[in-house]
Every structure is written in structure tokens, then in C-alpha cells.
A.B. asks: 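Can you read through this structure? Questions will come right after.
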Amino acid sequence: MAEKKLLLIDGNSVAFRAFYALYNSVDRFTNHDGLHTNALYGFNTMLDKLLKTEEPSNILVAFDAGKKTFRTEKFAAYKGNRNKTPKELTEQLPYFPDLLAGYGIKSYQLVNFEADDIIGTMAKAAENQGYQVTIVTGDRDLTQLTTDKVTVAVTKKGVSEVEYYTPEYIAEKFAGLNPRQIIDMKALVGDSSDNYPGVTKVGEKTAIKLLTQYDSVEGIYQNIEQMKQSKLKENLLNDREVAFLCKNLAEIRQDAPVEISLADTKWTGVDDEKLRTFYQEMDFKSFLSKMQVSEEKTAAPLEYTVLTAANLDLISERQPKEVAFYLEMDGPNYHKAELTGFSLKLDDSYFVSRNCQLLKQPALKELLAKQAVDVFDVKRTYVGLKRLGLDLARVDFDLLLVSYLLDNSENSNDLGILAQAHGYQEIASDEVVYGKGAKFKLPSDDDVYFEHLVHKVKAIAALKADLYQQLKANQQEQLYFEMERPLSLVLAEMELAGIKVDTDCLESMQSKFKERLAEIEQVIYQEAGKEFNINSPKQLGTVLFEDLGLPYAKKTKTGYSTAAPILEKLQGQAPIVDNILQYRQLAKLQSTYVEGLLKVADEADHKVHTRYTQTLTATGRLSSVDPNLQNIPVRLEEGRKIRQAFVPSKPGWEIFSSDYSQIELRVLAHISGDENMQAAFKRGLDIHANTAMNIFNLDSPDEVTPNLRRQAKAVNFGIVYGISDFGLARNIGITNKEAKTFIDNYFAAFPGVHQYMQKSVALAKKQGYVETLFKRRRYLPDIHAKNFNLRSFAERTAMNTPIQGSAADIIKVAMIRMNEMLAKENLAAKMLLQVHDELIFEAPKEEIPILERLVPEVMDSAVKLTVPLKVESKHGRSWFDAK
DNA sequence: GTAGTCACG
DNA sequence: ACGTACGTGACTACC
């Protein structure tokens, strides 16, 4: 901490800036009482940062005392045109003293004076006593106070970024002016926000010119007679009084009668208790946890026992009622990461070790195989133990899964972060303890590492009762116990099984693509007239739209858009366009699929083991990572061939695949209760053709041309996504008006769907969330947003999530049933992949007829809807051939 | 680390 | 008037 350093903060100004910086999400920042908190939040962020960067010895926050000041006495209109402070901000103002008290910071206001004058006065006093001073404000006027000892930090772009004004910086920015001349400049130019006029027709440039020549307002008027006749001179003469009045108003007082001394501003540090109470009141969870982490370092160490081969009897002699277990690894990919330690909570005792081989000892092995265990991420834990040849037989509470079901908007998969989000502050995130990215490193210090691991099992146990209670309150017990938890094990088995890739096949594709890419590359260089990096959108944009002068259709933030739909519009205008599209397509296949898969295929058995993220999506779908096996090409023939490389793991086996046909539309028919739509499915009609007949008023199916059907299909998709005329219009290339007609016709034909859409949005508004068939929740705070975009997005989400999410629920149930069925029927077939509405298996050829019968049976009976579910199956020697 | 692009349902 | 389709992950370039 610097010996004598004073931080002066312009309270009102910074609060305003903070408020408007977070104005777009003003409705996201509310506490449990509905109080808006965005300005407080922004102010806090700024303070936090400032204290770290400035390390002041003294701090004072100055506030305006009221509207009436000595300036309004001189000039009644002063600040007279200010808009009324928004009520969302007004309601926050009373809480600033609490925030400041938490930080242990003094605040001050003075009747008849503005915050500026308090700051000016204090700055001068401090400077005289040898302090370094930093003034923080959102108001550039204060830069007039800048000296060698006084720096003015003006907030920009939000509040945490500031622009530092020093005398040198001012000189540079305003063509050589000194800080005192800022006052003169303002007097001449005027200030619209403070509502005083300045001299007619004088702007910043003219003011700088005048001040460079005559130094000040006084200097100008002393010399005005010698100025040659001009409009400017005339204006100056006319507005003489105004100019002097404005200068008087603009000048910040440095002699205000403040009753506060520098000694009073001495900063003695944060008042933890008060600040914590304040954060709790405001629901500032991230700040709370930040506090906790820094405090934890000084907290009393947790008692635990380090397990060794010699003291395992400490485990075996116990008969614990409650067991929590955590298995640590050195990376996210639990199929490959090293097992780096574990921790265990047996009732009130904690055990920990770096040596995971200990888990194979009978004492621990049997505990895991027999006891009900609470964990964080059962799938990860299950796979990790399987790699040691161990079973995890009975999992009760999974903190990760339950957290996800309670609120999937907090989609972190970090134990510490989730625990904090649920109010348990006694743990840090992995990122804090281990670092991230290249800096990731497990602590070599046993105390640090063991304590973190022990905190993990402690957090799991501590949250169990409360989170179960919440599940119950949400009626989500079935969702957890009967769907997500059993599904975790099904997914674990699928991941462990892996799918074999034919690496020879991929390698031959690789060399073929390499050749073709090289050829096309040369042609493109010729057509462009130069060599450049085709993979760089920036360089490509320059070549197409500048060098070749093609008309550009759209710009991105950083340049021209070169996305496929844009380029497709340019086809025919230059042959290079086709070649680029071709190049892009091949490059994508090569880098992402051919080379991507080769990279992750196991050397020995040529299998790839994806990981399904079960706790990520907002709708309840799974996602697949490392590698992503849910986006293997299929739409274009060229890419589809990648699927030839996905083959059964054993000779004489085949790939078998079953997919739900139009599951989302069937779900919509079910939940909307629309009779017309339900009838179409019950009669087994072609749903898109049926929609075409309805929206285009056709009498017979014969009138449905392929083009009409295509358009109707787009409308059906649009409905599922939460339709808008603009979106539909853009998708199928019609006018907004035509799109609107289609939609109106659709809603007229399917009134139940229309009602469902309205009901979903209304429900989201009323309860703050929407639900799927199985009571999976998605919270939509933006449904109340003032911002049109945010609100519209939330409305579309309210319509889409129950549809997409219920479809996800259905296939999850089907997967659990499927695994049971495979076991019960004693089949060798294995379920390997899930692609949202499709399940992929490998099976001995002789089991194929059995699967053709049983898989659709299981899938379409997974959930009983008011419309039938339809399942289509296919099989072949590779995934490509299962078509 | 972010942006642009493109693969899937 | 606002300015959008819903849900994902991986790769490359570029700061």
C-alpha cells in the first residue's frame, strides 16, 4: 500500500455509469426481493478492481446532496434538462451506503455543493499534504483537476475500464491545452447535459484554437478588439456574459466548506461481516464466493486422514451410514486422464489419498461395490473406477446431476462453482485451485491438494438434503431417480464400449482429399491472381470483394461475410466462388472428420470413445464431445462417406440404427392437443404434405408439389423453433408478408398449436420457467426484459423448449429401457451412440432381425402420447450402409 | 480468448 | 421501431 494515496470517487456519476453499463440486462440483476441491483453490482465490480490496482491509503466517495446548489442559484436552468432518473436506479441509491460501509469506505455530501466540488476541495488539500490522488468519475469535466499529483480516471465502456487523464494526456488529446483550460473550453463550448449554452457556434475545435492563442476566456475578451471582424467575433461579443457565467459554472470549487479531514478518509480495509451481509441481501453470489475463497486460506484446516496401505483398517472397521466419494483426475477426458487422487467421507470422518491403486484394496473396493455412495458426476466416477477394474454399484445423490435438474442455466460442470451457486461457500472452484488451460497443474503441496479434495466430499454431503428437498418441491424426483441417474450408467457403458473406426478407410480418404485440396488450391490462386490463405475469412474477403470486385452482400463485425449462403448468391459471377465452396467443403471434412477422428482413435483397437455431456444443454438434450459423434456428415453425399469409416468392432457384425420419425412434431401434437394435427399423425399422413394442404388451401394431396411441400416443411420447423415471419422468410427466401400469411394460415388450420404457443409464453411470464413432459425446467428470466431482442428470444425459447426438451426426455427413457431389454433378452448387441432422435447399435448379424422387431417396440412405447411414435430402422456393414 | 465458419438434430 | 429462427461442438485464423 502506498504511503499517501487518496482515492476520490464521484459517487453519483459512477453509479449512473454502472447503471447504464448494465442497462441491457437490468432485469437480470434483481435480488430475491425484486430490487434491481445492476448499478450496485457494477459499482462493486469497479471498487473491487480499483482497490487492487490503486492500493489507496485513503478513500472518499462524494455524493451530490440534492438538486439545489450554488450553481442553480446563479443559473436556474443548471442541469434543468436532465431526464428523470429511472426508478430502477432510484430504488438502488439507498443501498450505496451499505455497500460502502461493507468496504469500510467513508462517503460524504455537502448541502449546496456538488460531488465535484467536494472532490476538487479534497484533491487540493491532499495534494498540498503530499498525497498522490486518483479521482474516479464518469464525467470528463473533472479532468480540469488534473495536476502532476492528481490523476483523473474517467470510466469508459462500462465501469471497470477507465481512461487515465494526466496533464500530458490532456495536452495530447486537446492539442496542447492544459487542465485548467478544460474549464475555459467548457465555458466556450457549453454543456448540453448540464444545460448551459456556451458561446453560439463555438465547438471543440474553435475553442482549442482560441485558447491556444489567448489562453483563457479572460484572455480572449482582453484581446477581442484586435480580432478581425468575423461571425465568430460577433458571437463572442454577443455571448460575453454567457461565457463568463458558464466559466463560473464549469469551474469546480476547491474551497468548498467541507467538514471532513484527510485523516477521516483513512482506509482501514473491508468489513467482512458487513460486506457479506450486503452481498447476501443483494444475491451477489459470485462476489460472496470470491470473499469465501480468500477467507478460506486463513480458515482453520479441515481434519482428515491420509490413507496408506497400512491404515486401511480405519475404513474396514467402520459401518458408515453415509458415504461420499470423489475421484480426481488430471484432465476433463475421464477415459484417458490420469487418476490422481480420491477423497472419502464416512459419516463425519474424512480420508484422502493420491494413490488410487489403494481403491483396489478390499476395504475400499467393497465399500464402493456395496454401499450407497454420494458423488459428483456419477458417469465420470463410474468410468474412472471401471478403468481400475472396480464397480460403483449404488449411487444415491449425484450433486452434478441434481444441480443440473434444478437449474440448467448454471451450466458449469465444476463442483466448486455449483456448490457456491447453491449457497455452499466453503469450497473453491478447480480453476482457482488448479489453474486452467496451459497453467493447469495439480498442487504438489499435499496440504493444498488434500484439503481441496476433502472439501469436495464435504460439499457433496452438505448439499444433499437441501437439494433433494428442492427436487421434491419441483416434482423432479422421478426425473432424477428414474431418468437422469440411471441414464448416466447407460451412457457410461456406451462410452466405454466405443465405436470402431476403420482407420485404413480414413487414411485413404485423407490422401485423396489432400490431393484434391491441393488441386483446387492452385486453381483458386490462379483465379485470384495471387496466393493467399483460403482458410482465412479476412484474406478471402479481401480477394473476393476488393481484388476481384465482387458485390458484397453482408458485413460481419470484422469484415466481409464469406459464409456459404453469401457465396452461393455469387455463384455464376466468377468461377472462383464454386471452387471456394468446394474447397471449404473438403477442408472441413479433412480437418474435422478425417484427421479429427484419426487423432482420437485408439492405436490398438481403433475405437473412439466420445463423452456425452449430460449436464450441459438448456433443453435436456445430450451433447457429445471429444470427439463429437453427433455431427458426423450425412446431408451431402461427399461427407456422408465419412460414415463408411464407422464399423462394427467384431467380424460378422453390423451397424444397426433406429430413429424417431418427426418426434418433435409429434410431441407438439401431443402437448398442444391440436386435433387437426393429431388426426394427421393418427392417420399416418405425410405430415409436411398435410401442412401444405392446410396452409395453401389445397383440396387434394395431388396438388402438393415438391416445392409446396418443401415450404410447408420449413413452416413446420419454424413452428417448432418458435416462429417469426422474418425467420421463416429468410429461411425459404420469401417476403415477410408472404411468410406472415403462411403462419396465419397455419394457426388458423391448427388453432390448438396457436393456443399452445401463447400459453407457453404466458406461463413463462407467470412462473419464470417452462417445463417438459417430464418436468425438466428451463428458467427464462429474459421473458420480462425491456430489450426487444432478449425478450423475443426468451419467448421463442418458451415455445421451443417444451418441444425439444420433451423429445429429449422420450429418447432418454427409451435408452434406459433399451439397455434393460438387451440384458433381459441376453443379446450381444450393444447400444453405442445417440444422435438426438436416433440410436445406433452394433450387433451380430443374426441378432439383426430381433433388433428390427424389439428396438422400435421399445422406442415407440417408451412414452405414451396421444399420437403414435414412429420408428424407422436400418442396418448395414457400416454406419454409411445403415441407410 | 474471440470470431467466423460449418457439421449435426 | 426494434431485428430474430431452436439446440449443439470443432476447426482455423488472428488478436
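Lettering of chains follows the sequences in order, A, B, ..., and the numbering in each one begins at 1.
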A.B. asks: Report yes if a donor N or O on one partner sits less than 3.5 Å from an acceptor N or O on the other, where the partners are the side chain of A:Arg621 and the base of C:dT8; otherwise report no.
C.D. replies: no

A.B. asks: Roughly how far apart, to the nearest Å, are C:dC2 and B:dC6 at atom P?
C.D. replies: 29 Å

A.B. asks: Suppose you measure atom P in C:dT4 against the same atom in B:dA3; what distance do you get, rounded to whole Å?
C.D. replies: 15 Å

A.B. asks: Kindly assign one of parallel, tilted or perpendicular to the pair A:His754 and A:Phe747, based on the angle between their ring planes and the thresholds 30° and 60°.
C.D. replies: parallel

A.B. asks: Compare the minimum distances between each of B:dC8, C:dG7, C:dA10 and the side chain of A:Thr619, then state the nucleotide with the smallest one.
C.D. replies: C:dG7

A.B. asks: Would you indicate what A:Val625 reaches in the nucleic acid, counting non-hydrogen atoms under 4.0 angstrom: base, sugar-phosphate, or nothing?
C.D. replies: sugar-phosphate

A.B. asks: NA contact type, A:Leu589, heavy-atom cut-off 4.0 Å: base, sugar-phosphate, or nothing?
C.D. replies: nothing

A.B. asks: Report yes if a side-chain nitrogen or oxygen of A:Thr558 is closer than 4.0 Å to either non-bridging phosphate oxygen (OP1 or OP2) of B:dG4; otherwise report no.
C.D. replies: yes

A.B. asks: Describe the nucleic acid contact of A:Asn628 in one word from base, sugar-phosphate, nothing, applying a heavy-atom distance below 4.0 Å.
C.D. replies: sugar-phosphate

A.B. asks: With a 3.5 Å limit on both atom pairs, tell me what C:dA10 is paired to, counting Watson-Crick and G-U wobble, or say none.
C.D. replies: B:dT5

A.B. asks: Taking only the side-chain heavy atoms of A:Thr562 (C-beta and beyond), determine which of B:dC8, B:dT5, B:dC6 contains the nearest atom.
C.D. replies: B:dT5

A.B. asks: The side chain of A:Gln539 lies closest to which of these nucleotides: C:dT8, C:dC6, C:dC14?
C.D. replies: C:dC14

A.B. asks: Under 4.0 angstrom, heavy atoms only, what part of the nucleic acid is A:Ala618 near: base, sugar-phosphate, or nothing?
C.D. replies: sugar-phosphate

A.B. asks: With a non-hydrogen cut-off below 4.0 angstrom, is A:Glu838 in contact with a base, only sugar-phosphate, or nothing?
C.D. replies: nothing

A.B. asks: So which nucleotide from B:dG1, C:dA5, C:dG7 ends up closest to the side chain of A:Ala714?
C.D. replies: C:dA5

A.B. asks: Counting heavy atoms from C-beta on, name the nucleotide in B:dA7, C:dT8, C:dC11 closest to the side chain of A:Lys588.
C.D. replies: B:dA7

A.B. asks: Using a heavy-atom cut-off of 4.0 Å across all strands, would you classify A:Ser624 as base, sugar-phosphate, or nothing?
C.D. replies: sugar-phosphate

A.B. asks: Go through the N and O atoms of the side chain of A:Gln804 and the base of C:dC6, and report whether any donor-acceptor pair is under 3.5 Å.
C.D. replies: yes

A.B. asks: Heavy atoms from C-beta onward define the side chain here; which of B:dT5, B:dA7, B:dG9 lies closest to that of A:Val634?
C.D. replies: B:dG9

A.B. asks: Has A:Asn787 got a side-chain N or O lying under 4.0 Å from the OP1 or OP2 atom of C:dC2?
C.D. replies: no

A.B. asks: Could you please name the option among B:dC6, C:dC14, C:dA10 that lies closest to any side-chain atom of A:Ala564?
C.D. replies: B:dC6

A.B. asks: Base, sugar-phosphate alone, or nothing: which one does A:Arg791 contact when heavy atoms must sit under 4.0 Å apart?
C.D. replies: nothing

A.B. asks: Picking from A:Lys607, A:Lys379, A:Arg611, what satisfies salt bridge (Lys or Arg N to Asp or Glu O under 4.0 Å) with A:Glu495?
C.D. replies: A:Lys379

A.B. asks: Output yes when at least one side-chain N/O atom of A:Arg584 is less than 4.0 Å from OP1 or OP2 of B:dC6, else no.
C.D. replies: yes

A.B. asks: Which part of the nucleic acid, if any, lies within reach of A:Leu616 when heavy atoms closer than 4.0 Å are counted: base, sugar-phosphate only, or nothing?
C.D. replies: sugar-phosphate

A.B. asks: Just compare C:dT12, C:dG7, C:dA5 and give me whichever is closest to any side-chain atom of A:Ser591.
C.D. replies: C:dT12

A.B. asks: How is A:Gly718 classified with respect to the nucleic acid when contacts are heavy atoms under 4.0 Å: base, sugar-phosphate, or nothing?
C.D. replies: base

A.B. asks: Between C:dG3 and B:dT5, how far is it from one C1' atom to the other, in whole Å?
C.D. replies: 22 Å

A.B. asks: Verify whether one side chain among A:Arg778 and A:Ser409 offers a donor that lies under 3.5 Å from an acceptor in the other.
C.D. replies: no

A.B. asks: Pick from A:Asn631, A:Thr615, A:Asn628, A:Thr613: which one makes a side-chain hydrogen bond (donor to acceptor under 3.5 Å, both in side chains) with A:Ser623?
C.D. replies: A:Thr613

A.B. asks: On the side chain of A:Ser724, is there an atom forming a donor-acceptor pair with the base of C:dT4 - under 3.5 Å, no angle test?
C.D. replies: yes

A.B. asks: With sugar-phosphate meaning primed atoms plus P, OP1 and OP2, does A:Asn535 contact a base, only sugar-phosphate, or nothing at under 4.0 Å between heavy atoms?
C.D. replies: sugar-phosphate

A.B. asks: Kindly indicate whether the side chain of A:Arg635 and the base of B:dG9 share any N or O donor-acceptor pair separated by less than 3.5 Å?
C.D. replies: yes

A.B. asks: Taking the six-membered ring for Trp, are A:Tyr746 and A:Phe750 closer than 6.0 Å centroid to centroid?
C.D. replies: yes

A.B. asks: Select one nucleotide: of B:dG9, C:dA13, C:dC11, the one nearest the side-chain heavy atoms of A:Tyr721.
C.D. replies: B:dG9

A.B. asks: Tell me the closest heavy-atom pair linking A:Glu521 and A:Tyr583, and the distance in Å.
C.D. replies: OE1-OH, 4.0 Å

